Amino acid sequence: MLKLQHVDTFYGNVPVLKDVNIEVPKGSITCLLGSNGAGKSTTLNTILGFVTPTAGEVIYKGEVINGLATEKIVSGGITIVPEGRRVFPKMTVEENLLVGACTLKNKDNIKRNIERAYTMFPRLGERRNQNAGTMSGGEQQMLAITRALMSDPEILLLDEPSLGLAPLVVNDIFETIKKINKDGVTILLIEQNGFKALAMADRAYLLQKGQIIASCTENAPEAKEALTAIYLGRESGKEK
């Protein structure tokens with residue numbers, strides 16, 4: 001459904017992504033692992049058209065989307081839950097959800113998606129008239145996820161959904177991601193929590209200094225264990 005083929009991305013004269021090749025099959029959970037500064041968020045920005053690759057192609061459902069406006073890419077079925085949640089703090093929960101529905105024209109679909117959000121996370125329904133900035137980090141992440149789902153995406157990009165959250169909340173968020181996938185949404189998950197991400201992923205890639213250095217392209221325990229060992233080795237080496 002989504003491919004990056006030989007993608008190079010620069011910020012100014014600084015190379016960030018170098019010959020990146022990633023495939024996200026329809027219906028899969030694909031995770032992209034890597035430490036801070038590895039180029040994970042730049043990968044998402046390249047997919048969404050915030051930056052244009054200097055080489056290679058981003059292909060969505062068989063069509064090259066390099067250079068398309070971000071609005072067109074989003075309206076085509078790709079949306080993101082950004083790192084740090086980025087809810088609108090002075091808007092209510094429901095107003096935030098309505099922003100996520102800006103590409104929908106049918107009022108019945110908007111109403112259906114709002115009710116789906118409140119069913120998925122009942123706490124959001126209880127706080128529908130509360131300003132988003134007054135909620136906990138976990139509640140804001142719930143809102144960020146459901147806001148992204150308001151546009152009925154085919155692919156959901158998640159940028160560090162566990163960042164800064166308590167372990168019990170992280171478990172809830174990951175269970176929700178699995179449910180969203182079972183409901184038919186393809187997932188590209190950016191995560192530093194390698195254990196959690198690999199446990200649920202169908203395939204995985206490890207990004208280091210803008211390059212894919214290892215991958216696991218099938219849901220095989222041995223391949224996941226090997227990728228985990230490489231990832232943890234790189235992380236421990238970074239810390240020394």
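Note that the structure is predicted; figures quoted are calculated from it, not measured.
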Out of curiosity, Lys90 NZ to Asn131 CG, how far, rounded to the nearest 0.5 Å? 9.5 Å
Donor-acceptor contact present, side-chain Gln141 to main-chain Pro161, <3.5 Å: yes
For a side chain to side chain contact (heavy atoms under 4.5 Å, CB included) check, start with the C-alpha distance between Asn21 and Ile212, then their side-chain angles and the critical distance, and finish with the verdict. CA-CA 7 Å; Asn21 292 277; Ile212 300 295; 5.9 Å; no
Starting at CE of Met135, measure out to OG1 of Thr92 and round the result to the nearest 0.5 Å. 9.5 Å
Min side-chain heavy-atom separation Ile190-Leu157 under 4.5 Å: no
Short side-chain to backbone donor-acceptor contact, Arg203 and Ser28, under 3.5 Å: no
Tell me the closest heavy-atom pair linking Pro25 and Glu23, and the distance in Å. CD-O, 3.5 Å
Is there a side-chain contact between Leu158 and Glu191 (heavy atoms, below 4.5 Å)? no
Please give me the minimum heavy-atom distance between Glu57 and Val7, naming the atom from each residue. O-CG2, 3.5 Å
Above 12 or not: heavy atoms from other molecules or residues under 6.0 Å from CZ of Arg112? yes
Under 4.5 Å between any side-chain heavy atoms of Ile78 and Tyr60, yes or no? yes
Show the nearest heavy-atom pair for residues Val51 and Thr42, with the distance to one decimal. CG2-O, 4.4 Å
Can you give me the closest heavy-atom contact between Gly56 and Asn66, atom names plus distance? O-ND2, 2.9 Å
With a 4.5 Å cut-off on side-chain heavy-atom distances among I, L, V, M, F, W and Y, is there a chain of contacts connecting Phe50 to Val74? yes
According to a hydrophobic-cluster definition based on side-chain heavy atoms being under 4.5 Å apart (Ile, Leu, Val, Met, Phe, Trp, Tyr only), do Leu124 and Val170 belong together? yes
Which value, rounded to the nearest 0.5 Å, describes the distance between Leu143 atom CG and Glu94 atom CD? 11.0 Å
If two hydrophobic side chains count as joined below 4.5 Å and joins carry through other members, does Leu189 share a cluster with Leu227? no
So Asp8 and Leu17, side chain to side chain contact (heavy atoms under 4.5 Å, CB included) or not? Walk me through it. CA-CA 5 Å; Asp8 294 350; Leu17 300 182; 5.8 Å; no
Kindly work out whether a path of hydrophobic side-chain contacts (I/L/V/M/F/W/Y, heavy atoms less than 4.5 Å apart) joins Ile73 to Leu156. no
Thr186 versus Leu2: any side-chain heavy-atom pair under 4.5 Å? no
Taking salt bridge (charged side-chain N to carboxylate O under 4.0 Å, His left out) as the cut-off, I'd like each qualifying pair that reaches into residues 33-55, sequence neighbours left out, listed once. Lys40-Glu160
Hydrophobic clustering (ILVMFWY, side-chain heavy atoms < 4.5 Å, transitive) - are Ile114 and Leu104 grouped together? yes
With rounding to the nearest 0.5 angstrom, report the CG to OG distance, Leu32 to Ser215. 11.0 Å
Met91 versus Glu95, closest heavy-atom pair with distance: CA-OE1, 3.3 Å
Could you tell me whether Arg123 and Glu126 have a side-chain N and a carboxylate O separated by less than 4.0 Å? no
Could you measure the distance from the CZ atom of Phe121 to the CZ atom of Arg127? Nearest 0.5 Å is fine. 13.0 Å
Please confirm whether the backbone N or O of Thr30 pairs with a side-chain atom of Asp202, one donor and one acceptor, at under 3.5 Å? no
As a test of understanding, state which of Ile187, Asn181, Ile177 forms a side-chain contact (heavy atoms from CB on, under 4.5 Å) with Met200. Ile177
Please lay out, stage by stage, how Lys3 and Ile22 fare under the test side chain to side chain contact (heavy atoms under 4.5 Å, CB included). CA-CA 6 Å; Lys3 292 183 181 180; Ile22 294 172; over 6 Å; no
Sub-4.5 Å side-chain heavy-atom contact between Tyr205 and Leu188: no
Audit row: Met1, Lys61, side chain to side chain contact (heavy atoms under 4.5 Å, CB included) steps and yes/no: CA-CA 5 Å; Met1 178 172 274; Lys61 296 197 295 187; 4.1 Å; yes
Check whether any side-chain heavy atom of Thr9 lies under 4.5 Å from a side-chain heavy atom of Val20, and answer yes or no. no
Near Tyr11 OH, under 6.0 Å, is it more than 12 heavy atoms from other residues, nucleotides or ligands? yes
Got Ile180 and Met120 here, is their nearest side-chain heavy-atom distance under 4.5 Å? yes
Is Asn113 close to Met150 at the side-chain level, that is, under 4.5 Å between some pair of heavy atoms? yes
Which atoms form the tightest heavy-atom contact between Thr228 and Leu198, and what is the distance? OG1-CD1, 2.8 Å
Distance (rounded to the nearest 0.5 Å) between Thr146 OG1 and Leu97 CG: 4.5 Å
